[in-house]
Amino acid sequence: MVATFEPKTDYKVIGTRPIRHDGYDKVTGRAIYGGDLTLPGLIWGVCVRSPHAHANIKSIDTSAAEAMDGVLAVITGADMPEALDKLVDLGEGNVNFKWASNKLMADDKVVYRGHPVAAVAAVDRYTAEEAARKVVVEYEVLKAVTNVTDALAPDAPIVLPDLVGDDLGEDVTNTNMAEHVRHEFGDVEGAMASAAHTIEREYNMQMVHQGYIEPHNATAVWDEEDRIKIWTSTQGAFAARTQIAGILQVDVSKVKVTPLEIGGGFGGKIPVYFEPIAAILSRKSRRPVKMVMERVAIFETTGPTPGGRMIIKLGADSNGKLTAATADIWFEAGANPGSVIGPAAMCVYSPYEIPNTRIDGWDVVVNKPKTAAYRAPGSPQVAFAMESAVEELCEEAGWDSMQFRIDNVSREGTRRGDGVLFSKIGMEEVLEAAKNSDHWNAPLGDPSPGRKRGRGMASGYWFNIGLKSSVNLAVNSDGTVTLVEGSPDIGGTRVAMAMHVAEVLGIGAHDVRPSVVDTELVGYTDVTGGSRTTYATGYACWIAANQLVDELKKRVGILWDINEEDIDFSDGIFNSKAESEKTIGFKELAGKLADLGGPATSTGSVDLESAGDGFGLHIVDIDIDTETGKTDVVRFTAIQDVGTAIHPSYVEGQLQGGAVQGIGWALNEEYYMEEDGSMANSSFLDYRMPTSLDLPPIDTILVEVPNPLHPYGVRGVGETPICPPIPAIANAIANAIGTRLYNTPMNAGSIMEALS
Amino acid sequence: MTTSSPGMVHVKTTINGQAHELLVPPYMSLLDTLRELIGLTGTKEGCLDGNCGACTVSVDGRIVDSCLVLGAEVDGKDVDTVEGMASADGLHPLQQAFLEEAALQCGICTPGFLVAAKGLLDNEPSPSEGRIRHWLAGNLCRCTGYDKIIRAVQKASS
Amino acid sequence: MHPFAYVAPGTVDEAVAVLDKHGDRARPLAGGTDLLVKARANAWELDAVVDIKNIPELMTLTVGNDGLTIGAGVPCYQVYENEEVASDYPCIVDGTAIIGGIQIQSRAGLGGNLCNAAPSADGICPLIVHSAVAHIAGPGGSRDVAVEDFCTGPSQTVLKNGELLVSISMPRPPANFGAAYTRFIPRNEMDIAVAGVGVSVILDSSGQNFVSARIALASVGPTPILASAAGNSLAGKPVNDDTIAAAAALASDASTPITDMRGTIAQRKQLINVLTGRMINQAVERARG
């Protein structure tokens with residue numbers, strides 16, 4: 001039976017804003033990220049990469065590189081172990097080792113531009129890069145496909161000849177369609193046919209990248225016992241370990257992964273890229289090998305999120321109630337199968353209660369890098385489509401779209417597009433907060449001459465995962481507590497973990513000292529991703545802290561020579577039930593533990609279902625220069641049900657950061673593909689992410705509908721905020737210029753075209 | 001003056017107020033000189049082509065992208081990095097403000113922002129929000145949406 | 001990246017000698033914001049970089065009655081922070097203040113911007129509309145080239161083996177002169193121009209009529225373009241919406257853009273039309289003082 005919790009309001013530590021424990025190291029430059037690591041004898045590894053998006057490898061000549069002074073090892077696909085064709089669950093998505101291995105180092109064929117075909121280790125980075133240039137590879141160039149439509153055309157070049165596609169359970173060969181799934185409930189055709197109002201629209205989106213500022217990195221030591229030590233900036237050391245061991249075909253226990261500080265991930269640092277290559281280079285050279293990825297390679301070869309094509313059809317009755325919805329979704333998986341059509345199906349209709357629904361999703365292989373998770377993967381795409389369609393439906397029928405959302409809102413018991421029923425959710429509360437917000441009620445204001453102003457809003461959803469986390473606690477004699485956990489801290493989670501423990505123990509947040517540790521120092525912990533960390537690792541912290549209290553009650557029992565059942569604990573004070581004035585505080589007890597049974601420690605492990613559904617709604621005001629199509633964001637408000645905000649500053653930060661990623665996605669970001677399958681804009685110059693000058697302040701409204709499945713009501717928050725901005729901006733543009741855009745990015749060129 | 005083989009360059013520079021005498025490979029960037037030769041890893045690599053500002057340092061009082069400066073070029077110059085911002089008396093007000101305002105999430109862009117913002121406040125103690133946003137447009141952050149960074153700089157300014 | 005040597009000569013002659021010896025395997029290093037990016041991308045293989053920042057003529061900015069002379073290595077910030085330049089040459093400030101961000105402007109300069117010869121360069125159109133001249137030193141002696149003739153193609157210039165850009169000069173603007181430059185970019189900073197327009201005008205003493213005008217276009221051809229027909233169309237004409245619109249249309253006609261990842265032909269042609277109109281108006285405003 002799953003425990004449920006009543007919401008509380010009398011927190012001592014929860015809801016405050018202590019300075020994060022790793023903050024001092026990070027503002028002084030002391031914090032060690034993956035690229036900062038140095039080891040004795042360290043050498044540097046660099047990949048040799050294919051300039052072609054699709055080609056057969058005819059030959060590789062490494063002799064000139066091997067002969068170079070300072071080069072200590074050269075490897076090719078022949079040096080990679082034969083990986084198993086086996087699917088493994090990584091938490092946020094599965095990995096098939098055969099595909100994962102091939103993606104890292106090509107066998108006989110390259111399937112995306114930048115696909116590594118060899119790797120070099122040398123005494124320093126400059127030598128390694130020069131040596132990589134000396135590796136001579138002969139290719140037979142093949143035609144590349146870089147979008148879903150071309151890939152599904154009858155005469156399309158086949159990217160993976162071995163691929164067996166799954167079309168609703170039927171095998172398909174000689175195809176780029178890896179999977180076709182369907183979810184259908186009710187009588188969609190009937191309901192659509194009798195709907196008073198319908199709308200059907202197609203939307204097309206380009207691939208975009210997470211855009212983390214820190215490049216991928218890995219340092220590896222393959223030692224004399226065939227044990228492999230890896231240091232890396234990863235979102236999950238255990239997930240990395242599973243992948244590395246699987247690709248290298250060694251037992252998991254032979255691999256130790258130390259997660260260093262990480263400079264952003266957003267899902268993109270869940271898959272491994274360099275770790276197995278660095279390990280094999282280390283084995284061959286007998287030296288520690290470090291690899292840091294070039295920015296061009298980050299764009300071309302890591303895991304962006306799919307672009308694709310979506311067709312949405314909605315049906316509503318004359319009273320403004322949705323009766324039917326269909327979604328046809330084609331996502332590009334990249335050069336190996338597995339895009340996020342599943343999550344897209346889970347999210348597309350979620351803000352709404354719709355009795356009759358169908359979703360068809362196709363996963364399509366193309367000559368682009370294998371997609372990975374990017375913050376609520378699949379959901380921003382379907383939010384763009386669904387929220388644009390809803391808005392347009394309301395425009396055509398003459399309905400107020402805020403009221404439409406309220407009238408059709410999903411609540412506890414509503415069925416999601418994939419069939420799951422919602423438990424306690426907060427979309428109604430979010431809508432109410434939006435309707436009453438300053439921004440929604442503020443006048444739009446007049447734009448300057450030659451400009452048009454518009455306002456748009458849209459909602460968004462992510463399901464948030466639970467999964468496994470482990471933590472250990474130990475009491476120090478000075479009344480502080482050491483907290484050992486395995487969740488890499490990408491956005492301030494360390495401090496939230498400490499606050500969980502501090503809340504239980506009645507001590508201060510800074511009396512808990514958290515550390516993020518390697519795979520040999522803590523129990524299995526799933527990735528920092530899926531908006532799960534504060535929920536699941538926090539829950540494990542709560543369990544461990546309560547277990548610690550039980551252990552400490554035993555020690556108090558020894559001290560007072562009474563039974564532990566006769567001891568109460570609250571607000572950091574232990575007291576005897578029989579004699580309530582007989583008390584001892586946590587700190588004082590800690591000082592006496594040496595004589596009361598020795599070290600006091602505890603652990604907590606969890607394996608949880610969802611981290612609670614996350615609903616949000618964003619409001620945006622924009623100004624458009626009608627002569628150039630340039631869009632400026634002039635006001636932005638992000639509203640979201642966050643469950644309970646453990647550390648409100650970092651919760652606000654999640655809303656703000658996700659919103660800005662969505663703004664960049666809406667207005668400018670895209671993989672601009674050339675005919676030959678190469679990405680033309682593989683740098684931060686032309687892959688245009690917002691700068692501080694492109695944005696106003698991002699206001700946030702934290703709605704708190706506590707999640708009954710967490711002791712403090714925590715709900716996942718990190719991913720939902722990237723979903724609403726794209727449709728909110730689409731709706732604002734339509735409001736401003738009277739014409740709607742159906743493709744992203746909604747850049748100046750497309751706005752100018754729409755205006756002409 | 002010989003250019004037949006790329007010889008090491010003798011560089012005498014001051015880094016965070018401390019004199020350094022180095023032999024630097026002629027093609028090595030200032031960023032790598034700091035990180036690899038001297039071991040000051042606080043300045044970060046983000047893109048290596050001057051588009052993200054993670055490598056921002058100050059040379060003779062002007063903020064630059066150190067990935068686009070050669071180590072050889074700082075002979076006779078003063079270089080200031082994030083490691084030099086705090087003093088024996090404590091953190092620089094910008095560093096303190098970043099902590100209090102939660103202006104960092106992953107922290108990788110933070111050293112670049114701190115050095116860049118210091119470059120502004122050293123000359124303009126009370127800049128407007130627009131001026132701050134303009135000055136920091138060469139520093140990319142992907143985590144925060146900049147909101148709390150701007151607030152932190154405003155807090156640290158007089 | 002091919003490992004290159006670092007040389008830091010103290011005179012023009014020494015620099016010319018090194019450049020002459022290596023030909024296209026040596027390049028002058030000023031701000032490094034284009035050179036190091038291209039060297040790392042293996043766009044060229046260099047045996048040597050010649051740091052020109054110890055050569056006084058290349059690092060000096062002089063402004064006075066004889067006009068404005070900017071050494072080839074003078075960084076952007078020294079141009080726009082100079083009070084006299086800011087007041088008398090605001091169009092030059094327009095260009096230098098938008099090349100990259102603050103970090104780039106601490107290092108990059110107009111000399112490098114010109115020699116890099118990107119059609120999208122933000123520093124070149126302001127120079128053209130100021131009738132600027134490039135001063136070149138080489139193994140065969142010195143020569144001058146009008147800035148509008150300096151670039152011969154994308155990344156290509158008139159510089160011959162061993163030649164070095166020393167400085168760029170322009171005359172002091174006459175009375176009733178005004179100039180302005182702007183570009184269109186998708187963000188608000190840090191982008192390469194999708195289209196750029198620089199305009200200078202000389203008005204008559206009433207301020208109501210054009211005496212002459214120069215219009216230069218960025219990002220819409222293999223080099224920056226001096227749109228002579230468009231500029232000349234204003235000579236002797238009254239300042240009004242019709243004459244300005246006509247000149248803007250001619251400027252758009254003079255443009256030869258391509259479609260690439262930064263913009264389409266249609267978009268760029270329209271932008272040239274729009275930006276030319278705006279810059280003529282701003283130049284007129286500045287001319288009227």
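FYI, side chains are in, hydrogens and waters are out, and symmetry mates aren't considered; it's all heavy atoms of this structure. Proteins get letters first, then strands, A, B, ... in listed order; numbering begins at 1 in each.
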* Among the options C:Val37, C:Ile104, C:Ile102, pick out the one with the most heavy-atom pairs lying under 4.5 Å from chain B. => C:Ile102

* With a 4.5 Å limit on heavy-atom distance, are the side chains of C:Pro75 and C:Arg107 in contact? -> no

* To do: Name, in order of residue number, those residues of residues 117-127 of chain B that have a heavy atom at a distance of less than 4.5 Å from a heavy atom in chain C; otherwise write 'none'.
  => none

* **Interface residues of residues 30-49 of chain B facing chain C - heavy atom cut-off under 4.5 Å** => B:Leu48, B:Asp49

* Please assess C:Gln105 against C:Tyr80 for the test side chain to side chain donor-acceptor pair (under 3.5 Å), listing each intermediate value before the final yes or no. => CA-CA 10 Å; C:Gln105 292 159 16; C:Tyr80 61 69; 2.5 Å; yes

* To do: Tell me whether the guanidinium CZ or amine NZ of B:Arg133 lies under 6.0 angstrom from the six-membered ring centre of B:Tyr146 and within 45° of its axis.
  => no

* Asked: Are C:Arg25 and C:Trp44 in a cation-pi contact, defined as NZ or CZ under 6.0 Å from the six-membered ring centre and within 45° of the axis?
  -> no

Indicate the atoms forming the closest heavy-atom contact of [X] with [Y], along with that distance.
| X | Y | value |
| --- | --- | --- |
| C:Gly71 | C:Ser167 | CA-CB, 3.9 Å |
| C:Arg40 | B:Ser29 | NH2-CB, 3.7 Å |
| C:Val194 | C:Arg268 | O-NE, 2.9 Å |

* **Side chain / backbone / both / neither for B:Val24 at chain C, heavy atoms under 4.5 Å** => neither

* Asked: So which part of B:Val64 gets closer than 4.5 Å to some heavy atom of chain C, the side chain, the backbone, both or neither?
  -> both

* Distance, nearest 0.5 Å, that separates OG of C:Ser142 from CD1 of C:Ile136 -> 9.5 Å

* All pairs passing ring pair (Phe, Tyr, Trp, His ring centres under 6.0 Å) where residues 26-64 of chain B contributes a residue, at least two apart -> A:Tyr126-B:Tyr27

* To do: Between chain C and each of B:Ala137, B:Ala72, B:Gly53, count heavy-atom pairs under 4.5 Å; write down the option with the most.
  => B:Ala72

* When B:Ser58, B:Ser66, B:Cys67 are compared by non-hydrogen pairs under 4.5 Å with chain C, the top option -> B:Cys67

* Check salt bridge (Lys or Arg N to Asp or Glu O under 4.0 Å) between B:Glu83 and all other residues, then give those that pass, not counting sequence neighbours. => none

* Is C:Asn42 atom CG crowded by more than 12 heavy atoms from other residues, nucleotides or ligands, each under 6.0 Å away? -> yes

* Asked: By a 4.5 Å heavy-atom criterion (distance strictly below it), what part of C:Leu29 contacts chain B: side chain, backbone, both, or neither?
  -> side chain

* To do: Check step by step if side chain to side chain donor-acceptor pair (under 3.5 Å) holds for B:Asp75 and B:His10.
  => CA-CA 8 Å; B:Asp75 183 41; B:His10 184 202; over 6 Å; no

